Amino acid sequence: MRERVEVSPDVVLRRWAVRDAASVAAAFADPLMREQTGRPIGSPQDGARWIAERTAEWEAGSGFAFCVVDGADGVLAHVSVVSVDRRHSVGWVSYWTTASARGRGVASLACRALAQWAFHEVGLFRLELGHRVNNPGSCRVAHAAGFAVEGRQRQKLAYDGIRHDVELHARLATDPEPPDAVPRPVGGPAWEPGPSTGRTEALGPVETER
């Protein structure tokens, strides 16, 4: 399986490496990101542990996580397919972006590339993801990456004593590719896809939750 996917000169998917530990810690220092991990990530050592867990999943074949970087190898985002079920050829997709990469189309583009990689390199047929209904940014990424809405799980998740519905999306290997889109360089104006989709990229961190 390929461990590096060059999507564009400004967007590359590669495996997470030990050298990314500080970048992981910086990403999770964002208050809006702290709910996206079971254990706190407050230091480079915690970031290294998180990367080691992703490496163990890859080696076991149970999950495949990519670090999304720019042309200078700066960390922009994370995309992964986990809970891989070989019998049914199904996997669960998740993603998040760093603060500097938000609003540039990076998550959508990387998620699309991840889907094609999972279909062709891992042999999966169905990819699933879910997001809280109060996270429209994650929903926009899912749509732009070709994931269709399939339903809602009522009050599945609880944060700070409040229960949240989760909207489910899925993409099949036989589904058509969504319209092409090119991300803007980080620091430029926010990316918007063409009129065929009418959606904009998330302006905040995006995630999918199991």
Side-chain angles (χ1 to χ4, degrees), residues 1 3 13-70 73-86 90-102 106-107 110-111 114-115 117-118 122 124 127-139 141-142 145 147 153-169 202-210:
M1 293 183 293
E3 298 184 0
L13 277 61
R14 63 161 173 79
R15 287 186 63 172
W16 286 97
V18 174
R19 66 180 182 275
D20 302 316
S23 295
V24 171
F28 281 97
D30 186 329
L32 296 177
M33 282 284 289
R34 290 172 185 165
E35 294 180 343
Q36 310 314 320
T37 181
R39 287 184 287 175
I41 298 178
S43 67
Q45 290 74 26
D46 294 334
R49 169 182 50 78
W50 184 90
I51 292 170
E53 291 170 351
R54 306 290 78 75
T55 300
E57 291 173 346
W58 189 297
E59 299 303 328
S62 61
F64 304 94
F66 284 97
C67 175
V68 184
V69 299
D70 59 21
D73 204 44
V75 176
L76 301 175
H78 159 83
V79 290
S80 68
V81 54
V82 299
S83 300
V84 172
D85 184 333
R86 298 284 184 172
V90 176
W92 183 266
V93 170
S94 65
Y95 41 84
W96 50 258
T97 54
T98 63
S100 64
R102 294 172 196 159
V106 171
C111 193
L114 174 73
W117 181 90
V122 187
L124 299 183
L127 299 175
E128 302 172 341
L129 63 83
H131 61 83
R132 285 171 288 167
V133 296
N134 67 341
N135 187 345
S138 190
C139 188
V141 170
F147 285 73
Q153 294 173 305
R154 296 178 301 156
Q155 299 188 44
K156 179 180 181 179
L157 301 174
Y159 293 107
D160 298 324
I162 300 174
R163 301 206 66 89
H164 300 271
D165 289 0
V166 171
E167 185 171 83
L168 299 176
H169 296 245
L203 299 180
V206 296
E207 88 293 336
T208 62
E209 299 164 272
R210 193 59 163 145

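For clarity, every value in this text was computed on a predicted model and none was experimentally measured.
For the atom pair Ser23 OG and His78 NE2, the distance stands at 14.0 Å (nearest 0.5 Å). The distance from the NE2 atom of His164 to the CD atom of Gln155 is 10.0 Å, given to the nearest 0.5 Å. For the atom pair CG (Asp73) and CG (Asp20), the distance works out to 7.0 Å, reported to the nearest 0.5 Å. Atoms CH2 and CG, from Trp92 and Asp85 in turn, are 13.5 Å apart once rounded to the nearest 0.5 Å. For the atom pair Arg54 CZ and Cys67 SG, the distance stands at 13.0 Å (nearest 0.5 Å).
Within the 4.5 Å cutoff, no side-chain heavy atoms of Leu13 are placed close to those of Trp117. When side chains are defined from C-beta on, Cys111 counts as touching Val93, because their heavy atoms get closer than 4.5 Å. Side-chain contact check for Phe64 versus Leu114: every heavy-atom pair is 4.5 Å or farther apart. Looking at heavy atoms from C-beta onward, His169 lies out of side-chain contact with Leu127 at the 4.5 angstrom threshold. Side-chain contact between Met33 and Thr98 is absent, with no heavy atoms from C-beta onward closer than 4.5 Å. The shortest distance between side-chain heavy atoms of Tyr95 and Leu129 falls below 4.5 Å.
With hydrogens and angles ignored, the 3.5 Å screen pairs no side-chain donor or acceptor of Arg49 with any backbone N or O of Gln45. For the pair Arg14 (side chain) and Glu3 (backbone), a donor-acceptor distance under 3.5 Å is absent.
Within a 6.0 Å radius of CZ in Arg154, other residues, nucleotides and ligands contribute 12 heavy atoms or fewer.
Ring centers of Trp16 and Trp58: at least 6.0 Å apart, outside the cut-off.
Taking Arg39 as the reference, Glu53 meet the salt bridge (Lys or Arg N to Asp or Glu O under 4.0 Å) condition, with sequence neighbours excluded.
The heavy-atom pair separating Ala110 from Val68 by the smallest distance is CB-CG2, 3.7 Å. Minimum interatomic distance between Ala107 and Thr97 (heavy atoms only, all atoms of both residues): CB-CG2, 3.6 Å. The minimum heavy-atom distance between Ala101 and Leu76, with the atom names listed, is CB-O, 3.5 Å. Between Ala77 and Val106, the closest heavy-atom pair is CB-CG1, 4.2 Å. Of all the heavy atoms in Ala118 and Val81, the pair that sits closest is CB-CG1, 4.4 Å. The two residues Ala21 and Pro44 have their closest heavy-atom pair at CB-O, 3.4 Å.
Partner Glu167 forms a side chain to side chain donor-acceptor pair (under 3.5 Å) with one of Gln153, Arg132, His131 and no other, that one being His131.
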Query - Full working for side-chain contact (heavy atoms from CB on, under 4.5 Å) between Val122 and Met1 - result: CA-CA 7 Å; Val122 187; Met1 293 183 293; 3.8 Å; yes
